[in-house]
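Contents: one structure, followed by commentary.
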Amino acid sequence: NAGVTQTPKFRVLKTGQSMTLLCAQDMNHEYMYWYRQDPGMGLRLIHYSVGEGTTAKGEVPDGYNVSRLKKQNFLLGLESAAPSQTSVYFCASSTTKRPGRDEQFFGPGTRLTVL
Amino acid sequence: LAKTTQPISMDSYEGQEVNITCSHNNIATNDYITWYQQFPSQGPRFIIQGYKTKVTNEVASLFIPADRKSSTLSLPRVSLSDTAVYYCLVGDMNTGFQKLVFGTGTRLLVSP
């Protein structure tokens, strides 16, 4: 199993450009998440999904949109990129609650720079 | 969501036991305590999770006192490869998932 994969690994955008980050998981997980991590800080939840066709806002959703058309994929879109969105983006997935072992599996991250 | 407080950084030497304590005074009845490890340029990785008392797995132990207002991650005999950032989180299992709130974590540096 590849686990959680993210595409692309690196990207440089100019202010105002748009792009989509792709997250894919092959573990048949119901839940998927998008986080951003800024230098010296922890991860902040952008959006999440509890199943195919459903999405919800996290802690910092402004400026981002998401879609979960297929169970294995979770897309994060930036319609008009801003320098404040320069960050490392992590996708994660998890399965239904398993007390004592409810863990999220993280992808390798996408490093995005907005000039 | 319960807020957590951890030391910003800790230093240790190879072979020593490291204990990282996390404070979560507002933990709710349905919250579990989870610890993650993150290496540079990688996503976090699950270490251990518990609800009360003590939990042990192949890499760490988690001690939770009766009032559950704090927890301690114990790493036995650390090595250089344990240098990483460690995050303590609390989350409600009964929502069907954990909306995890990552703080700034504890940066552990293990020296030879």
Side-chain angles (χ1 to χ4, degrees), chain A residues 2-6 9-10 21 23 25 27 29-51 54-61 68 74 87-112, chain B residues 1-9 22 29-62 64 71 84-107:
Chain A
V4 179
T5 58
Q6 294 183 229
K9 289 184 171 55
F10 303 93
L21 281 67
C23 175
Q25 54 95 2
M27 296 173 282
H29 285 171
E30 295 83 5
Y31 311 128
M32 297 187 74
Y33 317 80
W34 275 107
Y35 295 88
R36 61 175 289 174
Q37 185 171 35
D38 300 305
M41 298 182 67
L43 284 78
R44 291 184 291 171
L45 183 64
I46 304 172
H47 286 280
Y48 63 94
S49 168
V50 300
T54 70
T55 63
K57 295 180 180 180
E59 182 185 359
V60 288
R68 183 99 181 267
F74 195 28
S87 188
V88 179
Y89 292 86
F90 289 100
C91 175
S93 71
S94 67
T95 186
T96 50
K97 53 185 178 181
R98 298 178 294 168
R101 192 70 192 188
D102 185 49
E103 63 178 290
Q104 293 188 9
F105 294 83
F106 283 82
T110 294
R111 187 174 296 275
L112 175 65
Chain B
L1 295 173
K3 182 179 178 180
T4 61
T5 302
Q6 317 173 220
I8 294 175
S9 64
C22 178
T29 302
N30 296 327
D31 285 344
Y32 273 70
I33 300 157
T34 310
W35 286 81
Y36 281 77
Q37 175 191 55
Q38 186 179 25
F39 298 113
S41 301
Q42 295 186 25
R45 185 180 69 172
F46 175 93
I47 301 176
I48 197 166
Q49 183 178 79
Y51 184 79
K52 61 181 179 180
T53 62
K54 176 184 176 181
V55 179
T56 297
N57 62 22
E58 62 276 9
V59 297
S61 294
L62 178 60
I64 306 170
S71 59
V85 178
Y86 292 83
Y87 295 98
C88 164
L89 308 98
V90 296
D92 184 352
M93 298 296 298
N94 289 336
T95 61
F97 62 93
Q98 284 197 2
K99 290 175 64 176
L100 301 181
V101 178
F102 287 80
T104 54
T106 297
R107 191 172 299 275

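Chain naming here is simple, since letters A, B, ... match the order of the sequence lines and numbering starts at 1 in each.
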### Segment of A:Arg111 engaging chain B (4.5 angstrom heavy-atom cut-off)
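Interface part for A:Arg111: side chain.
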
### Task
Check each atom of A:Gln6 against the heavy atoms of chain B and say whether the ones under 4.5 Å are side chain, backbone, both or neither.
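Contact with chain B involves no heavy atom of A:Gln6 at all.
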
Can you find a pair of side-chain heavy atoms, one from [X] and one from [Y], that are under 4.5 Å apart?
X: B:Gln38; Y: A:Phe90; value: yes
X: A:Phe106; Y: B:Gln42; value: no
X: A:Phe105; Y: B:Phe46; value: no

### Task
Hey, could you give me the CG/CG distance between B:Leu89 and A:Leu43, rounded to the nearest 0.5 Å?
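Here the rounded value is 9.0 Å.
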
### Task
Rounded to the nearest 0.5 Å, what's the gap from CD on A:Glu103 to CD1 on B:Ile47? Could you check?
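CD1 of B:Ile47 is found 11.0 Å from CD of A:Glu103.
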
### Task
Could you tell me which portion of B:Tyr87 (side chain, backbone, both or neither) has an atom closer than 4.5 angstrom to a non-hydrogen atom of chain A?
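Contact with chain A: side chain only.
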
